[in-house]
Protein chains: 2
Amino acid sequence: MVTMKDVGREAGVSAMTVSNVLRGNTNVTPETARRVREAADKLHYRLNTTSLSARSLRVSTSRHGRNFSTIGLAIFELDRPYPSQLASLISQAAEKRGYQTVVQETRINAENERSIIERVSNQFCDGLIFSSSRLSASEIEQLSNHRPTVLLDDDRPQQDLDTILTPSEAGAQAAIEYLWSTGKRHIGIVGGLGENLVNAAGEDNDSSATFDINDTLHRRLMGCCNAFEKLGVQWEDVPIIATPWTDTDARKAIAGNADLVRSCDALFCMTDTTAFGVIRGLKDIGLRVPDDIAVMGFDGIDMGAIMTPSLTTVAVDIPMVAQKAVDLLIERIDDESDRERQRIVADFRIAQRESA
Amino acid sequence: MVTMKDVGREAGVSAMTVSNVLRGNTNVTPETARRVREAADKLHYRLNTTSLSARSLRVSTSRHGRNFSTIGLAIFELDRPYPSQLASLISQAAEKRGYQTVVQETRINAENERSIIERVSNQFCDGLIFSSSRLSASEIEQLSNHRPTVLLDDDRPQQDLDTILTPSEAGAQAAIEYLWSTGKRHIGIVGGLGENLVNAAGEDNDSSATFDINDTLHRRLMGCCNAFEKLGVQWEDVPIIATPWTDTDARKAIAGNADLVRSCDALFCMTDTTAFGVIRGLKDIGLRVPDDIAVMGFDGIDMGAIMTPSLTTVAVDIPMVAQKAVDLLIERIDDESDRERQRIVADFRIAQRESA
DNA sequence: CTGAAAGCGCTAACAT
DNA sequence: ATGTTAGCGCTTTCAG
């Protein structure tokens with residue numbers, strides 16, 4: 001690494017003069033400045049900002065008088081609508097409160113998450129937001145040196161961190177009840193079993209042994225189950241189509257379960273993206289939505305309103321998730337007191353559109 | 001700020017012992033350890049990782065023997081398919097090469113971009129990728145202390161940085177030619193004029209005065225223009241429907257230009273998202289796609305394949321954009337030599353699907 | 001106009 | 001088992 005000392009030696013001056021030249025602050029002879037700049041160019045000098053920050057510990061105010069507060073957001077996937085909308089909303093909510101957000105993709109991999117904390121979040125973030133983490137709260141706490149942390153969509157009971165949850169159980173129950181209220185009596189569920197999101201099985205048997213990637217799934221299934229029970233339908237009789245929660249997988253799952261699908265008059269899908277694939281898959285096998293069969297999703301991503309047919313769905317209040325996450329985190333950052341951890345379930349509404 | 005010294009004073013030990021306890025490394029009396037931990041808790045001590053990094057300058061290898069290389073990606077929006085897919089692909093390409101990616105949303109705002117560089121990228125990234133930046137290359141260079149930088153989709157000729165471009169001109173030309181080849185003779189263009197992406201007019205009149213947010217638009221229009229010229233169609237006769245490049249805006253634009261739309265037998269949309277809104281808007285006014293009118297998009301986002309009807313589009317090789325961006329950047333990071341700047345235009349193909 | 005010294009918080013190496 | 005020393009790259013202070 002090239003230091004100011006090196007540049008100084010090359011230019012025949014001290015490191016101090018190099019510093020002065022490069023920041024253009026104090027008076028330096030034009031000739032000296034030129035020599036220094038040449039030397040810096042020649043050696044490809046780059047300001048080592050790490051040590052700059054070390055220095056800045058000393059001076060209370062930053063050079064520009066701004067607050068350099070930063071939130072780290074670890075999110076499972078960036079290429080799908082729900083997490084990317086959430087990331088965007090969090091960025092914007094944080095910005096309104098004077099925080100910069102840095103987003104990192106975990107792809108639901110524990111090793112990635114550790115790396116994120118070690119390399120970045122822990123290095124310079126004032127707080128962390130973890131969405132669908134595979135790490136235990138205690139590991140996050142330890143790796144992050146007890147940085148304030150908010151978890152999203154992590155329902156493991158042993159966690160002792162602030163948590164924002166999507167209304168999986170209540171939302172799913174409301175979905176089934178809605179379909180029932182429109183006269184559907186043969187409601188199937190899509191996205192039920194098997195590995196979900198990604199096939200991330202078989203890793204990480206230690207710290208997160210208690211973690212089930214299908215946690216959110218279970219809560220949504222539980223909501224369905226409750227609804228059917230209230231409606232007097234045997235849970236065992238409910239058709240469940242297994243598929244990962246992606247559009248292409250869901251499309252294939254419909255093709256592979258055509259007969260089962262034809263016995264239904266409505267399908268409730270575990271996510272909107274799944275529903276998109278289902279609607280496409282239904283067209284592939286000659287079924288019209290909603291005329292032949294109703295389809296309902298879960299999430300409330302923007303694109304659902306634009307699709308043809310537009311998607312009836314459990315619309316989670318995603319801006320609320322983002323806002324609460326940011327608020328809770330900043331509260332923790334500002335206030336070191338040990339107030340009790342919070343656990344907030346986001347609102348939802350049934351967005352009644354064309355598909356059901 | 002609470003330092004190890006403070007904790008040590010509270011616990012009646014030296015800072016060194018505090019360090020040892022907190023990292024659980026060396027042998028410490030359980031009793032001492034307990035006292036230290038209590039003191040740390042009481043004072044709300046948090047490891048100052050800034051100085052950790054300062055320290056790490058000294059020891060060549062990191063504590064875990066890993067390389068802590070990081071790429072900063074500044075992207076205009078995270079809640080739309082194209083940029084979020086791109087961000088995801090860049091993250092994954094970088095990871096394969098041992099780099100962690102931190103993503104930040106600019107929302108096409110110069111002040112945000114400056115903040116991103118100052119707060120984050122400049123602090124600890126080895127290199128930057130800027131997508132649709134509003135800053136000039138020279139400002140980026142200066143703010144980032146000459147960090148290696150790759151620009152995406154920035155066609156300003158004065159820039160002297162590595163650049164990856166989407167094939168706007170060739171892609172648009174190919175789109176028009178494709179529609180023509182299917183017998184369409186009344187092709188309209190959607191997404192043509194007015195502020196695009198966001199209404200970010202009126203800011204930043206100094207450094208980026210030379211920057212036109214409609215730059216990409218102009219290149220795509222130029223491609224259309226070339227195609228029509230070759231086909232013997234007067235450019236002045238081509239219907240152009242102005243709308244920002246979002247689905248909801250595009251949907252409204254169709255409703256507001258119903259008569260003009262009805263005179264067309266095909267519509268070429270500036271982005272896939274625009275096309276989604278257009279298809280929906282066409283249904284709103286009773287036109288069927290592709291029976292009554294063909295629709296074509298530009299980008300090649302995944303969802304286009306799942307829609308009903310599936311979207312015929314200029315499918316940019318987005319993985320190639322991501323891969324080249326990462327490769328070029330890492331090349332710059334590794335090799336300080338001043339090889340000439342590169343300028344790569346990504347491949348594309350016409351994804352021939354149902355909508356046209 | 002230029003440079004020497006001190007020190008930011010932390011920890012490896014060494015001393016007690 | 002615990003403490004002391006030195007130093008990471010840089011910049012503020014103050015002396016030449």
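Lettering of chains follows the sequences in order, A, B, ..., and the numbering in each one begins at 1.
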Practice task
Ignoring hydrogens and angles, state whether a donor on the side chain of B/Asn109 or B/Glu113 is under 3.5 Å from an acceptor on the partner side chain.
Solution key: no
Problem - A/Ser19 side-chain N/O to D/dT11 phosphate OP1/OP2 under 4.0 Å - result: yes
Exercise for the section: To the nearest Å, give me how far apart OH (A/Tyr45) and P (D/dC10) are. Expected result: 4 Å
Practice task
Could you check whether A/Met4 gets within reach of a base, just the sugar-phosphate, or nothing at all, counting any heavy atom under 4.0 Å?
Solution key: sugar-phosphate
Problem - Below 4.0 Å: OP1/OP2 of C/dC1 and any side-chain N or O of A/Thr17 - result: no
Practice task
Please check if any side-chain donor atom of B/Thr29 sits under 3.5 Å from a side-chain acceptor atom of B/Arg34, or the reverse.
Solution key: no
Problem - Cationic N near anionic O, under 4.0 Å, B/Arg9 to B/Asp6 - result: yes
Problem - Candidate nucleotides D/dC10, C/dA4, C/dA12, ranked by approach to the side chain of A/Thr3 - the nearest - result: D/dC10
Fill in the blank from the handout: In whole angstroms, the gap separating C1' of C/dG9 from CG of B/Leu22 amounts to 13 Å
Practice task
Look at the side chain of A/Met16 and decide which nucleotide, out of D/dT13, C/dC1, D/dT2, has an atom nearest to it.
Solution key: D/dT13
Problem - Nucleotide C/dC10, atom P - distance to NZ of B/Lys5 in whole Å - result: 11 Å
Handout entry: Donor + acceptor pair across side chains of A/Ser88, B/Arg107 (<3.5 Å)
Key = yes
Practice task
Would you kindly give the CG-to-C1' distance between A/Asn20 and C/dC1, to the nearest whole Å?
Solution key: 10 Å
Problem - Short side-chain N/O contact to D/dT2 OP1/OP2 from B/Thr32, under 4.0 Å - result: yes
